[in-house]
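Single-structure report; data block below.
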2 protein chains.
Amino acid sequence: MPPFETRPIQVQYLKAACSSCSVLELCLPLGLSHQEVERLDTLILQRVRVKKGHTLYRAGDPLSSLYAVRLGFFKTSVLSVDGREQVTGFQMAGEILGLDAISSNLHACSAFALEDGEVCPIPFAQLEQLSQALPSLQHNLNKILSREIVRDHSMLLQMGNMNADERLAAFLLNLSQRLSLRGYSSRAFVLRMRREEIGSYLGLRLETICRCIAHLRDQGLVIIDGKQVQILDLEGLKQRVAGCHNAARE
Amino acid sequence: MPPFETRPIQVQYLKAACSSCSVLELCLPLGLSHQEVERLDTLILQRVRVKKGHTLYRAGDPLSSLYAVRLGFFKTSVLSVDGREQVTGFQMAGEILGLDAISSNLHACSAFALEDGEVCPIPFAQLEQLSQALPSLQHNLNKILSREIVRDHSMLLQMGNMNADERLAAFLLNLSQRLSLRGYSSRAFVLRMRREEIGSYLGLRLETICRCIAHLRDQGLVIIDGKQVQILDLEGLKQRVAGCHNAARE
DNA sequence: CGTCACGTTGACTCTGTTCAATGCTAGTGG
DNA sequence: CCACTAGCATTGAACAGAGTCAACGTGACG
């Protein structure tokens, strides 16, 4: 186990308000009226800084809050009985952490910061209470939960039907698309996770990730130097994924 | 494509009421007071019969209702761009179909009946409306959505970290456990799906499923004759899954 | 009785894993 | 300042597990 897994999180309190947040339209308040956002603000009392390598919560912890990522990059993962890690997702600004805890009031996975970041804790009991009064807030929460289900199903499709190169291409495209939604370049970005974590997420070994990076590089689709990614041929990458398995094989 | 994919569903109206349903405590009304269930009953106007081989809804259909399975056995699946099927789940009595449609108001997967069954359509707009008035109903919906996320994550763990034998063992144990929750035998049951569908669900080919069945049989853990399953050694099967990959390998 | 869909098994192939060696970078301590 | 270490990334070679292709069996059903 990496050493950082034993460090507790360091909490620093900062003022928070959805109404002045830059990822407002990607997050829980999406589509709410100004007045509704102000009521939601009454729940979001603070931002919490999480330093790189620290844990926001662990599998088994009781659910107190969901966490909206405001800044930074997180991974969530579950452990198999024999201690193997399965990364279940990478989250960036505007995405919500902790959804899987609602079912049992215990977190089913752990959340780690892959770089320094900030999250807005959303006390869940109060969120449910407030969403009694705000239909559109309740609807948003339902949508966010459902979106996570859709995302998981597409991961299952990747794991079940795509080969290693295709999975990596799909992974890079997914990052590219989410980053561009947040105003960053879709063609140049930095991987915040290690090869091993990408591999775990995609159901592959880290060596396979290295080799797939080499394949995509040799085909002139991307340049990946360490954690620095440059996408040379976005369309080519997309074709690689669409022509899923067997089709258009070299 | 199998021929039944083109048949429309045949709708037959039957009286329905959660308050008199046998899977009440596994379904949406879980934990609701008698009065609350009666209000929920006002939404559940009918049961719909779905005959084996028929489609309840298809990917792309607009979301009008969620469906509670009352009887029978369903599969849900998504298609990849090039027409490959990925089975995302098998649903039995008390489980809810259509959750992935909430995110976009369009069904993201299709639902097929693997045997004659009955579902209770739950008009989603009205469900959201009613859950404004009934906090515990809203809470249940949240829980059900979250439970699906947890389930998907455990499927990702299976696909990412388990070999073929382990996945099949986990699959059989999961069926066994859900059936026993519903009052059926946990040691003898019938597979409602074909080998190919099991394979798609587990990210394997149908031939691999056959071979894994043979492996488990040769180890004296199960007897599987066609669709008839008999579990001889429940504990042995569990060990097979827990000692996930590499551990306790023969 | 013949057809068709499904299931089983074998032989061979191939993709991804495993194991190992090597390189690179950042951090640490003498 | 440099030697040393630790963690991460890359690459090669050998191996193994699952895929592919093909043949055959079986049971349901018109």
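Bear in mind the structure is a predicted one, so any value in this text is a computation, not a measurement.
Taking the side-chain contact (heavy atoms from CB on, under 4.5 Å) definition, one finds that A:S180 meets it with A:S186, sequence neighbours left out. Judged as a salt bridge (Lys or Arg N to Asp or Glu O under 4.0 Å), and not counting sequence neighbours, the contacts of B:R192 are B:E115. Contacts of B:D233 classified as side-chain hydrogen bond (donor to acceptor under 3.5 Å, both in side chains), with partners at least two apart in sequence or in another chain: none. For the side-chain hydrogen bond (donor to acceptor under 3.5 Å, both in side chains) test, residues two or more places apart in sequence or in another chain that qualify with B:S77 are B:E85. Shown here are the side-chain contact (heavy atoms from CB on, under 4.5 Å) partners of A:Q228, two or more places apart in sequence or in another chain: A:V190. Checked against side-chain hydrogen bond (donor to acceptor under 3.5 Å, both in side chains), A:Q158 has no partners two or more places apart in sequence or in another chain. The salt bridge (Lys or Arg N to Asp or Glu O under 4.0 Å) search around B:R147 returns none, not counting sequence neighbours.
Within the structure, every side-chain polar atom (N or O) of B:K227 is placed at least 4.0 Å from both OP1 and OP2 of C:dC6. For C:dG7, neither phosphate oxygen OP1 nor OP2 lies less than 4.0 angstrom from any side-chain nitrogen or oxygen of B:R194. Side-chain nitrogen and oxygen atoms of B:T208 include at least one within less than 4.0 Å of the OP1 or OP2 phosphate oxygen of D:dG19.
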Between N or O atoms, less than 3.5 Å apart, protein on one side and nucleotides 19-26 of chain C on the other: list the pairs.
| unit_1 | atom_1 | unit_2 | atom_2 | d |
| --- | --- | --- | --- | --- |
| C:dC19 | N4 | A:E207 | OE2 | 3.3 |

N/O-N/O pairs, protein side and nucleotides 26-30 of chain D side, under 3.5 Å:
none

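B:N163 and B:R167 are not linked by any side-chain donor-acceptor pair at a separation below 3.5 angstrom, with hydrogens and angles left out of the test.
Applying the ring pair (Phe, Tyr, Trp, His ring centres under 6.0 Å) rule to pairs touching residues 172-196 of chain A yields nothing, sequence neighbours excluded. Sorted pairs that involve residues 214-237 of chain B and meet ring pair (Phe, Tyr, Trp, His ring centres under 6.0 Å), not counting sequence neighbours, are lacking altogether.
Between A:R240 and A:D165 there is a salt bridge, since at least one side-chain N of the basic residue sits less than 4.0 Å from a carboxylate O of the acidic one.
Listed candidates were D:dA18, C:dG16, C:dT8. Nearest to the side chain of B:I213 is C:dT8. Of all nucleotides listed (D:dT20, D:dA9, D:dA18), D:dA9 comes nearest to the side chain of A:C210. For A:A164, counting side-chain heavy atoms from C-beta on, the closest listed nucleotide (D:dG19, C:dT9, C:dG16) is C:dG16. Minimum atom distance to the side chain of B:R217 is reached by C:dT9, of the listed C:dT9, D:dA9, D:dG19.
With a 6.0 Å cutoff to the six-membered ring centre and a 45° limit on the axis angle, B:K75 does not count as a cation-pi contact of B:F90.
Rounded to an integer number of Å, the gap from CG of B:L206 to P of D:dC21 is 13 Å. Put simply, CG on A:L202 is 12 Å from P on C:dG16, counting in whole angstrom units. Counting to the nearest Å, the P atom of D:dA18 and the CE atom of B:M159 are 13 Å from each other. Rounded to whole Å, the distance from CZ on B:R205 to P on C:dC14 is 16 Å. Atom CG in B:L168 sits roughly 15 Å away from atom C1' in D:dG17 (whole-Å rounding). In this structure, B:Q158 atom CD and D:dA18 atom P are separated by 14 Å, rounded to whole Å. A:M193 places its CE atom 14 Å from the P atom of D:dC8, with the value rounded to the nearest Å. The distance from atom CD of A:E196 to atom C1' of C:dG16 is 16 Å, rounded to the nearest whole Å.
Here A:L204 lies in heavy-atom contact (under 4.0 Å) with sugar-phosphate atoms only. At a threshold of 4.0 angstrom between heavy atoms, the contacts of B:G203 are confined to the sugar-phosphate backbone, with no base atom among them.
Between its opening and closing five pairs, the helix from C:dC1-D:dG30 to C:dG30-D:dC1 changes axis direction by 30°, a value rounded to 10 degrees.
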